[in-house]
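First up is the structure itself, then whatever we jot down about it.
Just so it is clear: chains get the letters A, B, ... in the order the sequence lines come, proteins before strands, and each one is counted from 1. Just so you know, these numbers use all the heavy atoms, side chains as well, and skip hydrogens, waters and symmetry mates.
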There are 2 protein chains.
Amino acid sequence: MRGQVAQALPNRDIVPPGKLVQHSCLVAEGLAGRFSQLPDGMRQITAIYLPGDMCDLHSAMLPRVEWALQALSAPLTYLKIPHEELLRVSRTHPAVAEAFWRDCVVDASVIAQWLVSLGRRSAIARAAHLLCEMALRVESAGLGTRAAFDFPATQLHIADGLGITAVHMNRVIRSLRQRGALAWTGRSVSILDWDALAHIGSFDDGYLEFRPFANG
Amino acid sequence: MRGQVAQALPNRDIVPPGKLVQHSCLVAEGLAGRFSQLPDGMRQITAIYLPGDMCDLHSAMLPRVEWALQALSAPLTYLKIPHEELLRVSRTHPAVAEAFWRDCVVDASVIAQWLVSLGRRSAIARAAHLLCEMALRVESAGLGTRAAFDFPATQLHIADGLGITAVHMNRVIRSLRQRGALAWTGRSVSILDWDALAHIGSFDDGYLEFRPFANG
DNA sequence: CGCATAGTTGAACGCGGTCAACGTGAGTGG
DNA sequence: CCACTCACGTTGACCGCGTTCAACTATGCG
């Protein structure tokens with residue numbers, strides 16, 4: 001399967017919302033995010049993608065995407081894979097079709113966990129839960145360990161993912177740091193006390209299934 | 001494709017969380033919901049399913065579900081369809097595999113919209129948005145019109161879907177009623193002023209794509 | 001050096017939670 | 001037919017988490 005390499009900078013749409021797209025994106029380096037925006041300018045990030053994640057696979061089935069894709073780090077490098085190719089392979093190889101289907105299902109179960117966080121967890125618990133999730137995904141993608149990994153997103157980005165303000169995000173991080181659970185300087189995160197963090201976020205890793213395109 | 005008819009009552013798991021399941025469920029009559037529960041007892045509904053919706057199709061790919069399925073109405077009638085059957089058909093008919101894949105993608109895009117609601121909309125906007133969504137889904141499933149439809153879920157259920165308390169849900173409904181947007185008595189909802197409701201919830205129907213199993 | 005973006009802190013406000021009652025309607029059994 | 005129960009709905013008073021607004025610092029880049 002072939003694709004075209006591309007790069008992007010933060011705060012600029014890779015894929016604009018409401019348009020028909022002809023390709024999906026495989027993250028190669030950096031972080032990508034899926035953004036929704038309300039009429040009043042409020043922004044919500046609904047997914048974060050690591051290198052190896054296929055971040056737009058949905059669009060092969062629904063080419064009119066309702067959200068934007070943006071880089072969360074500079075630079076972001078990704079591979080544009082035409083839907084045509086994806087569908088050709090999946091139609092001739094049922095096992096591939098199932099792998100694509102499964103990837104979308106895993107993606108949905110992560111979103112569902114985020115939904116639980118935004119609906120029923122406090123701000124600090126949301127942050128702890130997200131950090132646990134990112135740590136395990138980074139680890140399973142071979143990009144670092146759960147104890148220390150590179151995380152180039154800004155506090156504002158994470159706030160937009162957790163449904164809180166950047167101001168409160170800052171206070172939450174300080175609180176986690178003061179509890180000795182975390183060190184977060186610049187773009188590198190260290191989880192100093194995994195058990196404490198997992199407890200604060202009531203984190204249960206069951207929903208993070210094998211991601212077919214991870215370890216890419 | 002054959003299945004086994006079953007019935008269920010509210011507040012009892014149809015599918016318990018953490019167990020392996022061998023079948024998916026097609027709602028025949030009533031409302032079903034997907035529930036997540038936190039260790040402290042907090043509950044979040046992450047999806048609501050109407051008659052014609054395939055509510056557990058994910059489990060064909062990930063048989064260990066991380067959430068529960070419960071009835072939101074009494075009675076709920078549904079069809080249990082073995083994964084074995086679903087996979088057999090999808091493996092021999094690529095078009096069916098794609099239909100299943102697409103259904104999961106549509107489901108995910110609805111969850112993503114809920115995520116935006118919980119993250120960035122006020123309680124009253126969340127309620128308005130959900131009601132608009134349900135109205136259109138009811139209408140497209142041929143179960144009523146967007147102006148008047150049967151909605152047997154309790155206020156507590158909706159509150160658990162919107163990430164608010166039952167007390168506040170009640171106040172929100174009253175506020176929508178006072179604004180002349182809504183009438184909600186017992187199990188029947190009337191949307192008196194669609195434009196007002198859609199405006200309050202900043203509702204845009206673009207994400208509600210054709211659902212393969214709707215109109216079932 | 002000048003400008004933009006990100007991070008940090010404080011003070012005051014308000015949305016929605018919490019707690020506690022009470023109302024209401026359906027179902028049940030006397 | 002009434003008494004009882006139980007789930008759901010409704011309302012009021014108070015409280016606290018997170019927002020808002022504003023200011024300032026730090027960092028990076030032309």
Is the shortest side-chain N/O distance from [X] to OP1 or OP2 of [N] below 4.0 Å?
X	N	result
A/N170	C/dG7	no
B/T165	C/dG17	yes
A/Q155	C/dT5	no

Could you state the [atom1]-[atom2] distance from [X] to [N], rounded to the nearest angstrom?
X	N	atom1	atom2	result
A/L72	C/dT5	CG	P	17 Å
B/L118	D/dG18	CG	C1'	16 Å
B/I164	C/dC15	CD1	C1'	11 Å
B/R12	D/dA7	CZ	P	12 Å
B/H168	D/dT11	NE2	P	14 Å
A/I173	C/dG7	CD1	C1'	9 Å
A/I124	D/dG16	CD1	P	18 Å
B/D160	C/dG17	CG	C1'	14 Å

Task: Salt-bridge present (A/R137, A/D53; N to O < 4.0 Å) - done: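 A/D53 and A/R137: salt-bridged.
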So, are A/R34 and A/D107 salt-bridged, with charged N and O less than 4.0 Å apart? yes
For residues A/S36 and A/R43, is any side-chain donor paired with an opposing acceptor at under 3.5 Å?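 Distance-only check fails for A/S36 and A/R43.
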| said: Is it the case that D/dG9 (base atoms only) and B/R171 (side chain only) share a donor and an acceptor within less than 3.5 Å, ignoring hydrogens and angles? | reply: no
Decide yes or no, distance alone: a donor-acceptor N/O pair under 3.5 angstrom between the base of D/dT27 and the side-chain of A/R187. no
* To do: Using modelled atom types only, decide if a donor and an acceptor are shared between the side chain of B/T145 and the backbone of B/A147 within a distance under 3.5 Å.
  =>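 Confirmed, B/T145 side chain pairs with B/A147 backbone.
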Whichever of A/M169 and B/A166 has its nearest DNA chain D nucleotide further upstream toward 5'
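Upstream on the strand: B/A166.
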- Looking at A/H129, A/R120, A/R121, which hits side-chain hydrogen bond (donor to acceptor under 3.5 Å, both in side chains) with A/S202?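 So, applying the side-chain hydrogen bond (donor to acceptor under 3.5 Å, both in side chains) to A/S202 and each of A/H129, A/R120, A/R121, only A/R121 qualifies.
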Can you tell me which nucleotide in D/dC8, D/dT11, C/dA6 comes closest to the side chain of B/V167?
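In terms of side-chain proximity for B/V167, the closest of D/dC8, D/dT11, C/dA6 is D/dT11.
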### Message
Need one value for A/G163: base, sugar-phosphate or nothing, where a base atom within 4.0 Å counts as base even if backbone is also close, heavy atoms only.
### Response
sugar-phosphate
| query | Which comes earlier along DNA chain C counting from the 5' end, the contact point of A/L156 or that of A/R120, where each point is its nearest nucleotide? | reply |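 Closer to the 5' end of DNA chain C: A/L156.
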